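Data first, discussion second: the structure below is written as structure tokens.
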Amino acid sequence: MKILISDAFDASLPDRLKKFGDVTDDKSQVADADVVLIRSKTKADKAYIDSAPKLKLIIRGGVGLDNVDREYAKEKGIQVHNTPEASSVAVAELAFALMIAVPNRLVEAHNSMKAGQWEKKALKRTELMGKTLGLIGVGRIGTVLANRARAFGMHVVGFDKFVTYSDLVELKTLDEVLAASDYLSLHVPLNCDTEGLLNAKTIAKMKDGAVVINTGRGKCVNAGDMTEALKSGKVACYATDVWPSDPPPEDYPILQAPNVIMTPHIGASTKENLLRIGDQVVEIIENFKG
Ligand code: NAD
């Protein structure tokens with residue numbers, strides 16, 4: 001069995017996979033690969049799948065499968081697996097970090113100190129305690145974040161199209177969540193329902209001066225509409241880890257918008273998570289009956 005490691009995984013993984021066969025990270029060998037391991041960089045679209053005639057198994061280390069043409073893979077008899085359990089804590093901790101950075105003015109405080117300024121008077125902070133966090137998507141990551149937010153004394157509400165019960169999150173309609181949230185955090189997969197879910201119309205239903213955190217997918221937010229909302233102050237801050245592509249195009253409006261906090265899609269990239277993803281990859285290959 002030839003295993004192609006096409007994206008960044010934990011450095012220990014090649015050795016751990018050797019017992020299954022030949023392991024390479026040389027992408028030019030895709031035509032010989034029986035198994036490919038991808039994260040978000042490799043796009044397993046039709047052309048990619050066609051370039052790998054021996055392929056039997058695609059493993060996406062991570063959650064979202066929007067970079068895999070699952071229907072075409074199925075047509076070709078290729079199994080597709082992801083590692084959905086592994087990343088929840090890593091992503092939820094980044095969402096929390098982005099959220100708590102905003103009322104504490106961490107980025108402005110750091111940047112002004114670096115610039116030799118002493119903005120003690122100007123940098124007024126607020127607290128998370130007593131504020132409402134709204135979740136769009138109450139799945140694994142949303143629930144882990146809810147747990148942490150409640151420990152900080154936040155009230156947590158959420159909208160999920162399919163989840164009907166949560167003991168941590170007060171489930172509401174989308175409009176109710178938009179109206180109630182001081183902080184709104186996105187945790188839905190990217191699909192035809194969720195693309196552009198946050199747009200001028202839905203943003204208008206939010207509280208004035210709310211904060212939006214996005215560790216879900218960049219395309220769930222209409223970037224032009226969000227930029228306008230940031231300029232007008234309707235949204236006080238947009239803190240995002242996710243982009244329409246990695247990296248985003250240079251003219252992506254969010255890059256130049258005011259009051260944004262940005263990270264380069266590092267939600268899943270903790271050392272611990274890469275080890276957990278590695279464990280799941282080994283388990284999937286062990287159980288694979290091609
Ligand atoms: P999950 O499947 O456990 O939760 C997603 C939830 O969204 C589910 O409860 C589902 O019912 C709900 N949902 C689906 N469609 C919906 C819709 N149209 N409206 C409302 N709710 C809807 O997934 P998860 O592990 O919590 O991950 C959520 C998303 O986070 C992933 O799909 C991925 O896009 C993103 N993610 C980002 C990173 C990162 O590095 N920033 C890492 C991992 C995952």
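Just so you know, ligand 1 is whichever comes first in the structure, and atom 1 is the first atom listed for that ligand. A quick note: this is a predicted structure, and the numbers were derived from the prediction, not measured.
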Subject >> Residues that Lys43 engages under salt bridge (charged side-chain N to carboxylate O under 4.0 Å, His left out), provided they are two or more places apart >> reply: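 Residues passing salt bridge (charged side-chain N to carboxylate O under 4.0 Å, His left out) with Lys43: none at all.
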**OP:** With a 4.0 angstrom cut-off on heavy atoms, strictly below it, pick out the residues next to ligand 1 and order them by chain and number.
**Re:**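 These residues qualify: Val63, Val91, Gly137, Val138, Gly139, Arg140, Ile141, Phe159, Asp160, Lys161, Phe162, Val163, His187, Val188, Pro189, Asn191, Asp193, Thr194, Thr215, Gly216, Arg217, Asp241, Val242, His265, Gly267, Ala268.
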**OP:** Kindly state each residue pair satisfying salt bridge (Lys or Arg N to Asp or Glu O under 4.0 Å) with at least one member in residues 201-225, sequence neighbours excluded.
**Re:**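 Residue pairs with at least one partner in residues 201-225: Asp66-Arg217, Asp175-Lys205, Asp182-Lys207, Asp208-Lys234.
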Subject >> Qualifying salt bridge (Lys or Arg N to Asp or Glu O under 4.0 Å) pairs, either residue in residues 86-100, two or more places apart >> reply: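 Sorted pair list comes back empty.
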Subject >> Flag for Gln79-His81: side-chain donor and acceptor within less than 3.5 Å >> reply: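 Yes, side-chain donor-acceptor contact under 3.5 Å.
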Original post:
In terms of side-chain geometry, is the basic nitrogen of Lys2 or Asp32 positioned less than 4.0 Å from the acidic oxygen of its partner?
Top reply: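 So Lys2 does not pair with Asp32 through a salt bridge.
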Original post:
Taking NZ, NE, NH1 and NH2 as the nitrogens, is one of them in Arg16 or Asp279 under 4.0 Å from a carboxylate oxygen of the other?
Top reply: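 Answer for the salt bridge query: yes.
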